[in-house]
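Take a look at the structure set out below.
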Amino acid sequence: MSHSDYIYFGHDTVNRFSFLRTDEQFIKQSLTSPFTKFVLFINEFPLGYSDKQALYYSNYNELKPAVDHFIKLHEVQDLSLNEMKFVFLGMDERVGTGLEYKQYKGVPYYAIDITQDVELKAQFLDKFTHYTDRGLIFKLGNFDASIFSHGRMYLDWLNRNKFCAGCGSRNVAIQAGTKLKCSSDADSKCPVKNASVSNISFPRTDSVIITAITNEKFDKVLLGRGKRFPGPMYSCIAGFMEPSETIEVASLREVWEETGVKASKVQILKSQPWPYPANLMIGCIAFVDFNGKDEVIDLGHDPELLDAKWFDVEKIRRLLDGEKDEIFLPPSTAIAHSLVDYVVKQYDTLNSGKK
């Protein structure tokens, strides 16, 4: 099992085969293959089963008119973003049977936004559940959750970028929904279309640092309660990276801005895709010297938190083990849970030979 299997939304689901996105023959064959699985989205939330927590994967036979229409538009790069959106996610090569194309073989996966298709939307909503509640999403197996995350990030980007940022002309989706091209004519003065480096727009991912704060002994953990947290949940400190920041600098800045403590160093630990809407959570550990000054909490700089506290690691261990308390920690699907768990395990390692 790879390391990414342990990160929710981060399962290594499919080989993306990015070089096949420009191959119209492959796109056509993969869209019409009986092996292909289509995850359906309405307003960027997927359809799933009502009697079990799993995504519903449609097929070519159910979607034939829409798929055939997409193929025609895609071949001539005339795919307005007001049309139904298709995104090629990749192929699962770990199956015994699948589409065979040149030397490649697997089950193709596509994400489709059917929001604008009234008939299809009514047809599938009559049979399946619309997973608009995050509680349902977090009950999915990690493969389904990661396919959802993959598709939703692309669809969110397509829905937010219907028009060229340079000239306002309509954007056209190309390369099976993974790139955008300005539709202005060749003689336009569009700064995007006439860029010397690239005249194609690529998806973006917003980087967020999330930090568990501890000391060199790993016997203390500083956690905060955000104003928008559900109930009395305490979690790690998080914030968006800013231009020209390293991960370490961003982590130190966010720790000080939100809690007032001054960390001395940062360890980058792991990351997690987060599809709300399109983030990469970069998990860090920040170390604070307990010298009577650096560890003092001050919430007056950037008042994002309702509260912040230093907790003894033994209390954190009990909370991780499910002990009922007046507060609670993030669920195991969140990277914050993994970061806090890492601190506890490091404490155990340091003290394994002590009585």
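Just so you know, residue 1 is the first one in the sequence shown, and it goes up from there.
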Review point. When you measure from the side chain of T211 to the backbone N and O of I213, does any donor-acceptor pair fall under 3.5 Å?
Key: no
Practice item. Please report the C-alpha distance between C190 and S169 in whole Å, then the side-chain angles of each, then the deciding distance to 0.1 Å, and finally whether the side-chain contact (heavy atoms from CB on, under 4.5 Å) criterion is met. Key: CA-CA 9 Å; C190 173; S169 298; over 6 Å; no
Check your understanding: So do the side chains of K270 and S338 get within less than 4.5 Å of each other, counting heavy atoms only?
Key -> yes
Exercise for review: List for me each residue that meets side-chain contact (heavy atoms from CB on, under 4.5 Å) alongside K181, sequence neighbours excluded, and say none if there are none.
Suggested key: Q77, I174, I200
**Study point:** Between CD on residue E258 and NE2 on residue H301, distance to nearest 0.5 Å
**Key:** 11.5 Å
Point to revise | Non-hydrogen side-chain atoms of P46 and I137 separated by less than 4.5 Å | key: yes
Review point. With side chains defined as the heavy atoms from C-beta onward, is the minimum distance between I210 and Q272 less than 4.5 Å?
Key: no
Review point. Would you find a donor on one side and an acceptor on the other, under 3.5 Å apart, between the side chain of E248 and the backbone of I268?
Key: no
Exercise for review: Among I247, L269, L339, I237, find the residue that satisfies the side chain to side chain contact (heavy atoms under 4.5 Å, CB included) test when tested with C284.
Suggested key: I247
Check your understanding: Where does the angle between the aromatic ring planes of F88 and Y110 fall among parallel (under 30°), tilted (30 to 60°) and perpendicular (over 60°)?
Key -> tilted
Check your understanding: Are the side chain of D126 and the backbone N or O of A122 linked by a donor-acceptor pair below 3.5 Å?
Key -> no
Point to revise | Same cluster (ILVMFWY, side-chain, under 4.5 Å), M281 and L252 | key: no
Exercise for review: Give me the one residue out of W310, F229, F311 that meets ring pair (Phe, Tyr, Trp, His ring centres under 6.0 Å) with Y234.
Suggested key: F311
Revision key, fill the gap. To the nearest 0.5 Å, atom OG of S30 lies from atom OH of Y60 at 12.0 Å
Review point. Would you say D133's side chain and G135's backbone share a donor-acceptor pair under 3.5 angstrom?
Key: yes
Study note, to complete from the structure: Tightest non-hydrogen contact, residues A173 and L180, listed as CA-CD2, 3.9 Å
Check your understanding: What do the steps show when you test I71 against I27 for side-chain contact (heavy atoms from CB on, under 4.5 Å), and what is the final call?
Key -> CA-CA 8 Å; I71 291 172; I27 296 301; 5.8 Å; no
**Study point:** Joint hydrophobic cluster, I335 plus F328, side-chain heavy atoms closer than 4.5 Å
**Key:** no
Review point. For atom NZ of K139, is the number of surrounding heavy atoms from other residues, nucleotides or ligands below 6.0 Å larger than 12?
Key: no
Practice item. Please confirm whether the backbone N or O of D294 pairs with a side-chain atom of N291, one donor and one acceptor, at under 3.5 Å? Key: yes
Review point. What do you reckon, are the aromatic ring centroids of F38 and Y57 less than 6.0 Å apart?
Key: no
Exercise for review: Run the numbers on Y101 and F17 for ring-ring contact (aromatic ring centres under 6.0 Å, His included), then give the verdict.
Suggested key: CA-CA 12 Å; Y101 185 79; F17 284 109; 9.6 Å; no
Check your understanding: Can you get from V313 to L329 by hopping between Ile, Leu, Val, Met, Phe, Trp and Tyr side chains that sit under 4.5 Å apart?
Key -> yes
Check your understanding: Among the clusters formed by ILVMFWY side chains lying less than 4.5 Å apart, do V266 and L222 turn up in the same one?
Key -> no
Point to revise | Distance, nearest 0.5 Å, that separates CD1 of I282 from CE of M241 | key: 5.5 Å
Check your understanding: Would the number of heavy atoms belonging to other residues, nucleotides or ligands and lying under 6.0 Å from CD of E119 be above 12?
Key -> no
Check your understanding: If every non-hydrogen atom of S50 is compared with every non-hydrogen atom of T129, which pair is closest and at what distance?
Key -> CB-OG1, 3.1 Å
Practice item. Applying side-chain contact (heavy atoms from CB on, under 4.5 Å), run through H11 and I147 and close with a yes or a no. Key: CA-CA 8 Å; H11 191 294; I147 287 290; over 6 Å; no
Exercise for review: Using the side-chain contact (heavy atoms from CB on, under 4.5 Å) rule, take I112 and L63 through it: C-alpha gap first, then chi angles, then the decisive distance, then the call.
Suggested key: CA-CA 10 Å; I112 308 181; L63 301 167; 3.7 Å; yes
Exercise for review: Check each of E24, H69, Q175, K28 against H74 using the side-chain hydrogen bond (donor to acceptor under 3.5 Å, both in side chains) test, and report the only one that passes.
Suggested key: E24
**Study point:** P277 side chain near R160 side chain, heavy-atom distance below 4.5 Å
**Key:** yes
Check your understanding: Hey, what do you get for CD (Q123) to CZ (F128), rounding to the nearest 0.5 Å?
Key -> 9.0 Å
Practice item. If the plane angle is over 60° it's perpendicular, under 30° parallel, otherwise tilted; pick one for H150 and Y154. Key: tilted
Practice item. Hey, could you give me the OG1/CG distance between T36 and N59, rounded to the nearest 0.5 Å? Key: 9.5 Å
Review point. Can you tell me if D298 uses its side chain to pair, donor with acceptor, with the backbone of G300 under 3.5 Å?
Key: yes
Point to revise | Any donor-acceptor N/O pair, K262 side chain to V296 backbone, under 3.5 Å | key: no
Exercise for review: Provide the closest heavy-atom pair for R225 versus M233 in the form atom of the first, atom of the second, distance.
Suggested key: CG-O, 3.4 Å
Exercise for review: May I ask you to check whether Y49 and Y131 place their ring centres under 6.0 Å from each other?
Suggested key: no
Check your understanding: Are the side chain of D302 and the backbone N or O of E257 linked by a donor-acceptor pair below 3.5 Å?
Key -> no
Check your understanding: Between C182 and S184, what is the shortest heavy-atom contact and its length?
Key -> SG-OG, 3.1 Å
Study note, to complete from the structure: In terms of heavy-atom contacts, V343 and A212 come closest through CG2-CB, 4.3 Å
**Study point:** K265/E216 ion pair, N-O < 4.0 Å
**Key:** yes
Review point. Can you find a heavy atom in the side chain of C236 that is under 4.5 Å from one in the side chain of V340?
Key: yes
**Study point:** Joint hydrophobic cluster, V261 plus F290, side-chain heavy atoms closer than 4.5 Å
**Key:** yes
Check your understanding: Hey, which of F240, Y8, F9, F148 is the one that makes ring pair (Phe, Tyr, Trp, His ring centres under 6.0 Å) with W274?
Key -> F9
Review point. Minimum heavy-atom separation for A308 to L299, with atom names?
Key: CB-CD2, 3.8 Å
Practice item. Compare all side-chain heavy atoms of L99 with those of F26 and state whether any distance is below 4.5 angstrom. Key: yes
Point to revise | Spacing of E75 atom CD and Q25 atom CD [to the nearest 0.5 Å] | key: 10.5 Å
**Study point:** pair I42-L125: side-chain heavy atoms closer than 4.5 Å
**Key:** yes
Check your understanding: Taking T214 for the side chain and K220 for the main chain, is one N or O donor matched with an acceptor at less than 3.5 Å?
Key -> yes
**Study point:** Heavy-atom donor-acceptor pair, R94 side chain to T13 backbone, under 3.5 Å
**Key:** yes
Check your understanding: K315: what forms a side chain to side chain donor-acceptor pair (under 3.5 Å) with it, not counting sequence neighbours?
Key -> D325
Practice item. Please examine the side chains of I316 and L223, heavy atoms only from C-beta on, and report whether any two atoms are closer than 4.5 Å. Key: yes
